[in-house]
Amino acid sequence: MANERVTAGLASPGAAHAWRIAELEREVRELRRTNTLLRTYVAQRLDLDAHHDTGRPRTPAAPGHAQDARHPAGERPPNRPAPHPAPAPAPAPAPAVVLRALGPIEAVVGGRPVDLGAPKQRALLALLASTVGRPVACDVLVEELWTGSPPPAALSSLHAYVANLRRVLEPHRAPRTPPTVLRTSGRGYLLERRSVDVDVDRFTGRAALAWQLQESGDPHGALRAFDQALALWRGPAYAEAADSAYVRPDSARLHELRLSVTEGRCAALLAAGAHEIAVADLEAFVQDHPLREYGCELLGLALYRAGRQAEALAVLRTHQRRLAQELGIDPRPALQRLQQQILHHAPSLDWHPRPRPARPSAPRVRPPVAAPL
């Protein structure tokens with residue numbers, strides 16, 4: 001309205017036209033100024049959001065680095081540097097100590113074996129290795145280390161053994177800093193699972209993988225995993241504390257699992273067509289463990305596939321007599337069925353090679369096609 005009144009009071013049409021042009025120029029300047037203020041405000045908000053999300057301000061992109069409309073998203077325009085790839089996540093820290101408990105107790109610190117000291121000190125570490133991650137009370141440790149008749153200074157000796165082991169397992173720990181491998185827990189001690197890698201865990205893991213590969217029809221992969229699991233054994237588990245009542249249940253569990261893994265390995269040999277090798281391994285196994293029916297069944301099948309039918313039947317019949325004489329039981333149905341199949345040359349007993357499972361190939365990535373200019 002004010003503009004209209006001013007325009008009406010002008011002396012001539014030419015002056016009114018000139019005044020109108022001046023007003024338009026002023027409005028254009030105001031629009032440009034407003035646009036600049038808006039752009040500044042938006043840029044500040046983006047910087048604030050970036051700082052809130054990442055903890056550091058976002059560096060504004062140069063004007064020439066905006067997305068080129070002629071190139072689809074994800075495609076780099078020519079003559080522009082490729083963006084830096086995102087850093088890979090940091091790998092999990094390796095355990096500080098590697099313990100070998102499937103045989104005489106051994107420890108590797110920083111890639112080197114260490115001296116674990118006196119027999120009772122080694123037995124203490126074996127006891128703790130049987131329950132990694134779980135505390136063992138000092139009273140139990142004293143009772144097990146001195147077989148029920150501890151001397152008056154037994155508890156002091158136990159604390160000295162713990163101190164010695166801490167120096168060996170954490171040689172670079174600063175004075176008066178809490179230990180991270182052999183920790184105090186309540187009125188006992190424990191080996192911290194995050195800081196210790198025990199071969200017992202690796203053995204059970206490789207065994208589980210081997211059976212999984214066997215079930216999926218990959219006997220060669222299963223055979224490799226079985227061999228890796230059995231190679232970890234160097235003697236009785238927790239050898240220095242094998243007579244301890246505290247360790248005995250886990251030691252028996254691992255012994256039984258080792259026998260099952262040995263049988264599983266022989267089954268993988270048969271599935272892979274290595275019948276003669278399986279015969280040699282199974283004959284020694286059955287001689288040491290004559291009452292294990294699965295081992296006897298595998299030996300009868302291996303002998304039959306190796307062309308030794310009479311010996312296969314003799315093995316099964318000898319096993320049947322032994323069960324009747326020593327235990328007063330009959331063999332399980334699988335052995336009785338195998339004996340009948342061998343007598344009748346059942347085709348199901350013949351070995352048929354299985355095709356190896358194909359390894360999944362990496363997906364082929366098609367090169368991006370630039371959009372036409």
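Just so you know, these numbers use all the heavy atoms, side chains as well, and skip hydrogens, waters and symmetry mates. Because the structure is predicted, anything quoted here is derived from the model rather than measured.
A side-chain donor-acceptor contact under 3.5 Å links Arg234 to the backbone of Arg100. Put simply, the side chain of Ser195 gets close to the backbone of Thr180: a donor and an acceptor are under 3.5 Å apart. Checked by atom type and distance alone, the side chain of Asp199 pairs as donor or acceptor with a backbone atom of Ala101 at under 3.5 Å. A donor-acceptor pair is defined here as one N or O able to donate and one able to accept, closer than 3.5 Å; such a pair exists between the side chain of Gln336 and the backbone of Pro331.
Pairs passing the ring pair (Phe, Tyr, Trp, His ring centres under 6.0 Å) check and including a residue from residues 229-277, sequence neighbours excluded, read Phe203-Trp233, His275-Trp351.
Arg183 has no carboxylate O lying under 4.0 Å from a charged side-chain N of Glu170, or vice versa, which leaves the two without a salt bridge. With respect to the salt-bridge test (charged N to carboxylate O, under 4.0 angstrom), the residues Arg122 and Glu106 do not qualify. Taking 4.0 Å as the cut-off between side-chain N and carboxylate O, Asp201 and Arg193 count as a salt-bridged pair. Electrostatic pairing of Asp281 and Arg265 counts as a salt bridge here, judged by a charged N lying under 4.0 Å from a carboxylate O. With respect to Asp250 and Arg253, a salt bridge is recorded, a charged nitrogen being found less than 4.0 Å from a carboxylate O.
Side chains of Thr184 and Arg166: a donor-acceptor N/O pair is present below 3.5 angstrom, by distance only. Defined by atom type and a distance below 3.5 Å, a donor-acceptor pair is present between the side-chain atoms of Asn164 and Gln121.
Residues satisfying the ring pair (Phe, Tyr, Trp, His ring centres under 6.0 Å) criterion with Tyr294, sequence neighbours excluded, are absent altogether. Shown here are the side-chain contact (heavy atoms from CB on, under 4.5 Å) partners of Arg134, two or more places apart in sequence or in another chain: Thr131. Taking Ala245 as the reference, Glu144, Arg248 meet the side-chain contact (heavy atoms from CB on, under 4.5 Å) condition, with sequence neighbours excluded. Scored by the side-chain contact (heavy atoms from CB on, under 4.5 Å) test, Trp146 finds Lys120, Val142, Pro150, Pro151, Ala154, Ser157, Tyr161 as partners (sequence neighbours excluded). Phe226 is linked by a ring pair (Phe, Tyr, Trp, His ring centres under 6.0 Å) to Trp211, counting only residues two or more places apart in sequence or in another chain.
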Audit row: Val162, Leu182, side-chain contact (heavy atoms from CB on, under 4.5 Å) steps and yes/no: CA-CA 8 Å; Val162 170; Leu182 177 49; 3.9 Å; yes
